[in-house]
Amino acid sequence: MYIVSVLVEHPVQSLDMTFDYLSHESLLKGVRVFVRFGYQKIIGYVEDVKETALSKTELEQQAGFHYQYIQEVIDQEPLLNEELQQLALQLSKLTLSPRIACLQAMLPSQLKPSTNHSVGLKLQTVACFLQEGKAKTKKQQECLDYLKTHSPTPIKDIPYSKNILDQLVKQGLIEYQKQEVYRKPLDFFQTTNQDIILTNDQQKVVDGIIAHPKRVALLHGVTGSGKTEVYLALARYFLNKQKSVMMLVPEISLTPMMVKVFKERFGEQVAILHSRLSQGEKYDEYRRIKRQEVKIVVGARSAVFAPLENIGLIILDEEHDASYKQESKPRYLTSQIAKIRAQTHQATVVLGSATPSLESYSRALKGVYDLYELKNRINQMPLPTVEIVDMVNETRQRNYSLFSRRMKEQIQATIDRHEQVILLLNKRGYATYLQCQDCGEVVKCPHCDVTLTYHKDEHQLKCHYCEYVQSYPQSCAHCGSTHFKTVGYGTQKIEEELEKTFLNAKVIRYDVDTTKNKNSHFQLLEQFKKQKANILLGTQMIAKGLDFENVTFVGVLNADLSLNVPDFRASERTFQLLCQVAGRSGRGSKAGTVLIQTYNPEHYAITCASHHDYQAFYQQEMLYRQKALYPPYCHMVSILIQSKHEDILQIACQDIKNYLLAHTHQCKILGPAHSVIYKMQDLYRQRILIKFVQGKDVYEALKTMNDFYNKKQKGKVTVICDFNPYSQI
Ligand code: ADP
Ligand code: ZN
Ligand code: ZN
């Protein structure tokens, strides 16, 4: 008899516990099993197996409770190898998240323990030649001869009818078999297999990185300096050494482009992992990696957990990007995981960006990372010239339009030259919100402390923080008036304005709403690349990585959107966003220009971006971080405390603060204070921030506090600790 400890996802509480079950056979650690939990049948993970000589009755007498048997074993072999199982434990410790949540985060969704259905193999029928023989008709004989040399072939690919094949099967000359086929995403690329000859600058970077394996390299290269080719050359080098390669890109918007170049260069050796794949594709790609049939994985954040063996190189492109931080349990930073895996595999890590995060750049300056720089664009093309328009001035001149006069001129001129425009507005939807014209009441989400965003396409109001959607209101809930006005603007409204202002211009809008369908990202970008449209309008999704040679003008409609947010990284985000989007201009043979509209023309994030001056920005921002004590000058933990009941929340916050004060030294504890959005999804939310330089006791105190709340309070108060917080909403 075996006692099996099974990790389950508790249906109600966020517990980190295993439960013991019995089994007559021994099981491997890490396989999934069905077990009974209360009245439910759920999936769990085998964490430990102990053999025992005792019988069930004896065990029960000893333990004082009844044991259940494991109901069914799902996996033949563990989904995660030893390395990844260890990593899950480590991740659980690092982020104070339940082990089950870590395992969940590491697996593609249909393999997660919480899902009860699983995607199966996709099978196709193939015809196989069995033996020589005399077929009944001439056609059948031809078909048999064909199969003799083409066997096995999927029947859909055989140039003879199904009827003929059936006849041959009857005569015992051929047979049908079932064969597994992979569902492969984006399988339509031609492999070129031709590497570009690197420039001297690029070659130096590649040589340097290769000469210092097992290190973390920070590649700071201006936009258009050819970082992608450096990644490709490094990948080629490690593949030749029989190592595997992980190429990570931020969020989905960028994945198709990087996937395309990697697929073109490395063909079948590449697997893709990101959230937009179908369940079946993800399942198959995951298994292709697991079976070591591929050597390269290109993917977004969670691809850092891909079950590659023998990793030689892990690249994070656009390393500063906030999407590398997971904002739900477990709240990890992708670079942190990459470094842990690199250490296990003795691999090299490359962090690439035109605007490295302050954390990474300061580490590079201190020598913790190796710094490589690409200061010039390929072919010595100049960086675009950037002009700033003061929107206060426009208003003074009685121009209340969303477009400054200069913006209109420039867009028109670019269209007239048959060149293309990229316009950035970091706000999706049509208008920002809906306001009653009579009493001024603003329409808000009933579950969150935010205004609803008006989406004109669907004529609906949506909450961007929960899933809430409502139809356009008949009347004001406050005064009954039926007159509403839309205030502010989003990408949808701009699209409409553009089409009115530039009559013969074709606009492609690229944001979360237009890229919902599976390959729509790729298709919209391909259309723009093929010059089927004059203007690409989008949210920050268009700022990164894209390489269109005919784009010579980039306009930023409101640079202040990212500046006026309560986040210590607001300036850094703005600088990065502006540099990134500016970098889309003039990447081909023609020089580019950029126009930034702002109400803060003197702000250093904006002026430094307009001069492409990373150093100046870095110096100034570091001064601010030092004075106000923010990372990289300290570590930060944000504790989010939530409850449905405000009074319970108040008491819990005070308790937590008192506990932390009593159990930590040398750290600053700020708050509790209302979170930026105080109510979200019907929960009230407060935050406590902890800053520390050396705080050995902080982790222990947080762990004890976290365990206490997430076990004892039975769901009335939840506490979420976020190490390295990125979002403070
Ligand atoms: P980055 O990622 O640094 O912004 P890219 O990798 O997109 O820059 O490169 C910019 C452009 O330069 C691309 O069109 C790319 O094909 C081209 N390029 C890169 N390296 C070379 C090279 N060695 N020779 C010629 N063209 C290159
Ligand atoms: Zn009203
Ligand atoms: Zn909401």
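Atom set for the values below is all heavy atoms of this structure, side chains included, hydrogens, waters and symmetry mates excluded. What you see is a predicted model, and the numbers here were worked out from it, not measured in a lab. Just follow the structure's listing: the first ligand is 1, and inside any ligand the first atom is 1.
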For ligand 1, is there an N or O atom under 3.5 Å from any N or O atom of L198? no
R587 to F548 six-membered ring, cation-pi geometry met (6.0 Å, 45°): no
Kindly confirm or rule out an N or O of I197 lying under 3.5 angstrom from an N or O of ligand 1. yes
Here's a test for you: under side-chain hydrogen bond (donor to acceptor under 3.5 Å, both in side chains), which of Q460, H464, E458 qualifies with K462? E458
Should G224 be counted as touching ligand 1, given the test is an N or O pair under 3.5 Å? yes
Between F528 and Y510, does the ring centre distance come in under 6.0 Å? no
Can you confirm whether or not the ring centre of Y361 sits under 6.0 Å from the ring centre of Y618? yes
Any side-chain donor near an acceptor of the partner, E549 and S589, under 3.5 Å: no
Nearest non-hydrogen contact with atom 2 (O) of ligand 1 belongs to which option: T228, D201, T223, N200? T228
Taking heavy atoms and a distance under 4.0 Å, where does I378 meet ligand 1: side chain, backbone, both or neither? side chain
With side chains defined as the heavy atoms from C-beta onward, is the minimum distance between V216 and L351 less than 4.5 Å? yes
Taking atom types as modelled and ignoring hydrogens, do the side chains of Q650 and E646 form a donor-acceptor contact shorter than 3.5 angstrom? no
Would you tell me which option among E229, R587, Q202 has the nearest heavy-atom contact to atom 5 (P) of ligand 1? R587
Worked check of side chain to side chain donor-acceptor pair (under 3.5 Å) between S571 and T574: CA-CA 5 Å; S571 301; T574 306; over 6 Å; no
Would you call V222 a ligand 1 contact, heavy-atom distance under 4.0 Å? yes
Would you please name every residue forming a side-chain hydrogen bond (donor to acceptor under 3.5 Å, both in side chains) with E373, sequence neighbours left out? H220
Tally, protein N/O/S atoms nearer to the Zn ion (ligand 2) than 2.8 Å: 4
Judged by modelled atom types alone, do Q470 and Y468 share a side-chain donor-acceptor pair under 3.5 Å? yes
T199 heavy atoms, cut-off 4.0 Å: which ligand 1 atoms fall inside? 23 (N)
Heavy atoms of other groups near H674 NE2, more than 12 under 6.0 Å: yes
Run the salt bridge (charged side-chain N to carboxylate O under 4.0 Å, His left out) test against K590 and tell me which residues pass, sequence neighbours left out. E419
Touching ligand 1 at all, S225? Heavy atoms, strictly under 4.0 Å? yes
Count, waters excluded, of protein N, O or S atoms under 2.8 Å from the Zn ion (ligand 3): 4
Check: N550/Q531 side-chain N/O donor and acceptor closer than 3.5 Å: yes
Is there a side-chain contact between V594 and I596 in this structure, where contact means two heavy atoms from C-beta onward sitting under 4.5 Å apart? yes
